[in-house]
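Remarks on the structure that follows.
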Amino acid sequence: MKKLLYLLFLFILFSSSLLSQTSFEKKVLYINSYHKGLYWSDGIQKAIENTISNSNISIFYKRIEMDTKRNSSESYKLKTAQKVKDIIDEFKPDVVITSDDNAAKYVIVPYFKDSSIPFVFCGVNADAKKYGFPFKNVTGMVEIQLIPQIVQTLKKYTKGNRIIYLKGETLTSRIEAGFFEKQLNQKIEKRFVTTTEEWKKEYLHAQENADILLTGNGAGVKDWNENRDSIKDFVLKNTKIPSGTWSAIVDDLVLLSYANRPEEQGTWAANTAIDILNGKDISTIPIVTNEKATIHINTKLGKKLNIVFPFDIIDNAIIAD
């Protein structure tokens, strides 16, 4: 009797395990270049998972994080990419979604160019051609910042054309800065930093040597989060020129934000993956760019600079201070 019960237990255990792996029609793997808890990544992830959960397809979904923003060494990126490749080989997904540049550069390009597995990227900065995309098995949404619109608005409140770009030392920052120059068709003074003190020093430099400051989030600045409150106080005390950003999480540090929406990237990528699962040929899906942004206005900095934006901007903006 005990033997019979034991065999029955094994049968149920085996059947449950088999059901958990085979009851789903399709498998989708999401590769996050960064880590959980990062505003941008979390927004993309949430949009992907919401879209997949509301689809009419039964999907077995798996997510992995490369954590290459907090661990930015080349050796770490290469080792992590190899591990991701092994996971893909074992999991055998029907579609892979990736977000941001490092998953594209270190996973797709060296291991899966023109493979039988469809890849849908999002959050790749500026231009996908730097990775050779599109491949026959790769499409995606490129992330572009609405920098010309920001600069055009801020130029109304300054007399010169000198622009300084200030951000942490990362691959994304360098790609962005180069792309901004192309968008604006002018040279930009670029300042890349690794600490809060360096950021403050370059911020003061910008106040005396630029007419417009463009600055992003604290990625690549090691002690940014610990010093966030002091940075905000420092900016309010020392700002002299109009400033802009494309990142909503620093809207309290700049006068004007045209912030990209991570949800736009994640929703598009997930819907595209679903189209592919429904039989659409990935090679017929063109690479696109984001189109949406949220306007933020910092009233404290506006008051200090004696700048009042017109009603057509204010009516569509989030007021940040």
Side-chain angles (χ1 to χ4, degrees), residues 12-66 84-101 103-104 107-108 111-124 128 133-144 259-294:
I12 293 172
L13 183 64
F14 174 76
S15 298
S16 299
S17 176
L18 186 63
L19 180 63
S20 67
Q21 295 296 319
T22 62
S23 60
F24 297 93
E25 288 183 17
K26 303 292 183 179
K27 291 189 285 187
V28 173
L29 176 67
Y30 167 49
I31 305 171
N32 176 6
S33 290
Y34 304 139
H35 57 278
K36 189 174 181 180
L38 190 66
Y39 159 78
W40 178 258
S41 297
D42 287 352
I44 290 177
Q45 176 188 314
K46 183 177 180 180
I48 289 172
E49 293 176 355
N50 285 344
T51 304
I52 286 176
S53 66
N54 291 321
S55 72
N56 58 0
I57 304 176
S58 183
I59 295 174
F60 184 23
Y61 169 80
K62 183 180 179 69
R63 181 188 78 243
I64 52 178
E65 281 107 19
M66 293 179 68
V84 171
K85 190 260 185 189
D86 293 341
I87 291 172
I88 293 173
D89 290 343
E90 181 180 353
F91 185 57
K92 294 180 173 54
D94 294 287
V95 179
V96 177
I97 300 172
T98 70
S99 64
D100 297 288
D101 281 84
V107 177
I108 301 177
Y111 295 118
F112 295 100
K113 179 180 180 180
D114 296 332
S115 78
S116 60
I117 302 174
F119 279 76
V120 180
F121 67 79
C122 64
V124 164
F133 298 158
F135 300 156
K136 69 179 184 181
N137 66 319
V138 175
T139 191
M141 175 176 275
V142 172
E143 179 195 351
I144 60 170
N260 287 354
R261 301 178 184 177
E263 296 81 10
E264 180 184 9
Q265 299 275 336
T267 300
W268 185 91
N271 280 325
T272 300
I274 291 168
D275 287 343
I276 294 167
L277 294 176
N278 279 322
K280 191 167 186 178
D281 185 349
I282 191 171
S283 66
T284 68
I285 304 173
I287 291 174
V288 299
T289 59
N290 59 286
E291 298 178 345
K292 300 176 182 179
T294 303

Verify, without hydrogens or angle tests, whether [X] (side chain) and [Y] (backbone) share a donor-acceptor contact under 3.5 angstrom.
X: Asp114; Y: Phe135; result: no
X: Gln265; Y: Gly123; result: yes
X: Thr289; Y: Ile144; result: no
X: Ser33; Y: Ala103; result: yes

Using the rule given for side chain to side chain donor-acceptor pair (under 3.5 Å), can you reason through Asn137 versus Ser115, listing the C-alpha separation, both sets of side-chain angles and the distance that settles it, and then say yes or no?
CA-CA 6 Å; Asn137 66 319; Ser115 78; 3.2 Å; yes
Is the shortest side-chain heavy-atom distance between [X] and [Y] below 4.5 Å?
X: Pro262; Y: Ile44; result: yes
X: Asn290; Y: Arg261; result: no
X: Trp40; Y: Asn260; result: yes
X: Ile88; Y: Pro93; result: yes
X: Glu264; Y: Glu291; result: yes
X: Lys27; Y: Lys62; result: no
X: Phe133; Y: Val142; result: no
X: Val124; Y: Ile287; result: no

Could you give the distance from [atom1] ([X]) to [atom2] ([Y]), rounded to the nearest 0.5 Å?
X: Asn271; Y: Met141; atom1: CG; atom2: CE; value: 10.0 Å
X: Asp101; Y: Glu143; atom1: CG; atom2: CD; value: 8.5 Å
X: Ile48; Y: Trp268; atom1: CD1; atom2: CH2; value: 11.5 Å
X: Tyr30; Y: Ser99; atom1: OH; atom2: OG; value: 3.0 Å

Provide the closest heavy-atom pair for [X] versus [Y] in the form atom of the first, atom of the second, distance.
X: Thr98; Y: Val96; value: CG2-CG1, 4.0 Å
X: Ile97; Y: Ala269; value: CG2-CB, 3.9 Å
X: Ile282; Y: Pro118; value: CD1-CB, 3.8 Å
X: Asp94; Y: Glu25; value: OD2-O, 4.4 Å
X: Ile274; Y: Ile52; value: CD1-CA, 4.4 Å

For Glu49, which residues count as a side-chain contact (heavy atoms from CB on, under 4.5 Å) partner, sequence neighbours excluded?
Gln45, Tyr61, Arg63
Checking side-chain contact (heavy atoms from CB on, under 4.5 Å) for the pair Leu38/Asn32: CA distance, chi angles, key distance, verdict?
CA-CA 11 Å; Leu38 190 66; Asn32 176 6; over 6 Å; no
Give a yes or no on whether the ring-centroid distance for Phe119 and Tyr111 is below 6.0 angstrom.
no
Against Val95, only a single residue in Asp275, Ile59, Ile117, Leu277 fulfils side-chain contact (heavy atoms from CB on, under 4.5 Å); can you say which?
Leu277
Yes or no on side-chain contact (heavy atoms from CB on, under 4.5 Å) for Met66 and Val107, after CA distance, side-chain angles and deciding distance?
CA-CA 10 Å; Met66 293 179 68; Val107 177; 4.0 Å; yes
Pair Val120-Ile285, side-chain contact (heavy atoms from CB on, under 4.5 Å): steps then yes or no
CA-CA 10 Å; Val120 180; Ile285 304 173; over 6 Å; no
Lys46/Asp42 ion pair, N-O < 4.0 Å:
no
